[in-house]
Amino acid sequence: MKIDSLSIFTIQTKTTMKNIYIVICFCCFVLLGCGNDNSNASETETAETAEQNARISAKTIEDIDYNDYALSPEGEDAIATWEKYQELATQISYLKRADFSFFNGEKKMLKEFIDQFTAQLPNDLRTNPITSRNAVIATALLKLNERLTIDNIDREDKLRSIKELFVAFSNLNYQINKKLERDMYDKIEPE
């Protein structure tokens, strides 16, 4: 059996080609695998950045600028029997510490709270300015609930809704104080 040099060259070329093919496939596999790691890492970083932007800390809430009116001692006495007002005041104090549990709960429960909040308004405080402030609070509560429960709402819109609720509640306190102050002046008889 005689093997000529052309046959040997052909066999060596085929073996070399197989080896080259295997090396090229291995390089492609490594390059594609590395590319997936980078894209997964960038996707993870993007998700983490979005999550950090969506997070709202107590410090961020504390930095919200608005006029915060507190109730006068007369106002405290006037709302003593208004349980839902006191519950809302408590929940707003939790919100100031970045506890969203009441505000991002079920919408049905929030609507029931709003109905009870409005129904329990003391009769001596049922004036147009106070009733309209209650309506503004109801709107702010529902809007905040929507913004907190929907995932694609950005952080600034959530902060704006928190501020709107704070302002609405503060304005309710202001109107209660003004009403009681007006009542006190009306009782004073001229000399």
CD (Q86) with more than 12 external heavy atoms under 6.0 Å: yes
Cluster check I130, Y69: I/L/V/M/F/W/Y, side chain < 4.5 angstrom: no
Ring center gap for F169 and Y85 short of 6.0 angstrom: yes
Same apolar cluster (I L V M F W Y, side chains within < 4.5 Å links), I176/Y174: no
Donor-acceptor side-chain pairing of T60 and R155 below 3.5 angstrom: yes
Considering all heavy atoms, the nearest A98-A58 contact: CB-N, 3.6 Å
Whether over 12 other heavy atoms sit under 6.0 Å from N128 CG: no
Under 3.5 Å, sequence neighbours excluded: what are the donor-acceptor pairs made by side chains of residues 105-119?
unit_1	atom_1	unit_2	atom_2	d
K107	NZ	E146	OE2	2.5
Q116	OE1	K84	NZ	3.0
T118	OG1	I114	O	3.0

Pairwise side-chain contact, D157 with R160, heavy-atom cut-off 4.5 Å (strictly under): yes
Atom pair CG (L125) and CZ (R133), whose distance is rounded to the nearest 0.5 Å: 13.5 Å
Rounded distance [0.5 Å steps], CG in N152 versus CG in D154: 9.0 Å
Joint hydrophobic cluster, I92 plus L144, side-chain heavy atoms closer than 4.5 Å: yes
From S72 atom OG to E181 atom CD, the distance as rounded to the nearest 0.5 Å: 8.5 Å
Atom of L180, atom of A78 and distance for their closest heavy-atom approach: CD1-CB, 3.8 Å
Hydrophobic cluster identity match, V136 and I79, side-chain contacts under 4.5 Å: no
Pairwise distance CZ(R147) to OG(S161) - rounded to 0.5 angstrom: 3.5 Å
Shortest non-hydrogen separation from L165 to A140 and the atoms involved: CA-CB, 3.8 Å
Hphob cluster co-occupancy, Y94 + L88, side-chain heavy atoms under 4.5 angstrom: no
Pairwise side-chain contact, F166 with I61, heavy-atom cut-off 4.5 Å (strictly under): yes
Derivation and outcome, salt bridge (charged side-chain N to carboxylate O under 4.0 Å, His left out), residues K96 and E62: CA-CA 6 Å; K96 289 179 180 180; E62 182 181 306; over 6 Å; no
Ionic contact status for K179 with D183, cut-off 4.0 Å: yes
Cation-pi geometry met for K158 and F100 (6.0 Å, 45°): no
Crowding at CG, D63 (>12 non-hydrogen neighbours, <6.0 Å): yes
CZ on R126 to CG on L121, rounded to 0.5 Å: 4.5 Å
Rounded distance [0.5 Å steps], CD in E76 versus CG in N177: 9.0 Å
Close side-chain approach of F102 and L95, heavy atoms under 4.5 Å: no
Residues N104, T149; criterion side chain to side chain donor-acceptor pair (under 3.5 Å); working and verdict: CA-CA 6 Å; N104 65 1; T149 55; over 6 Å; no
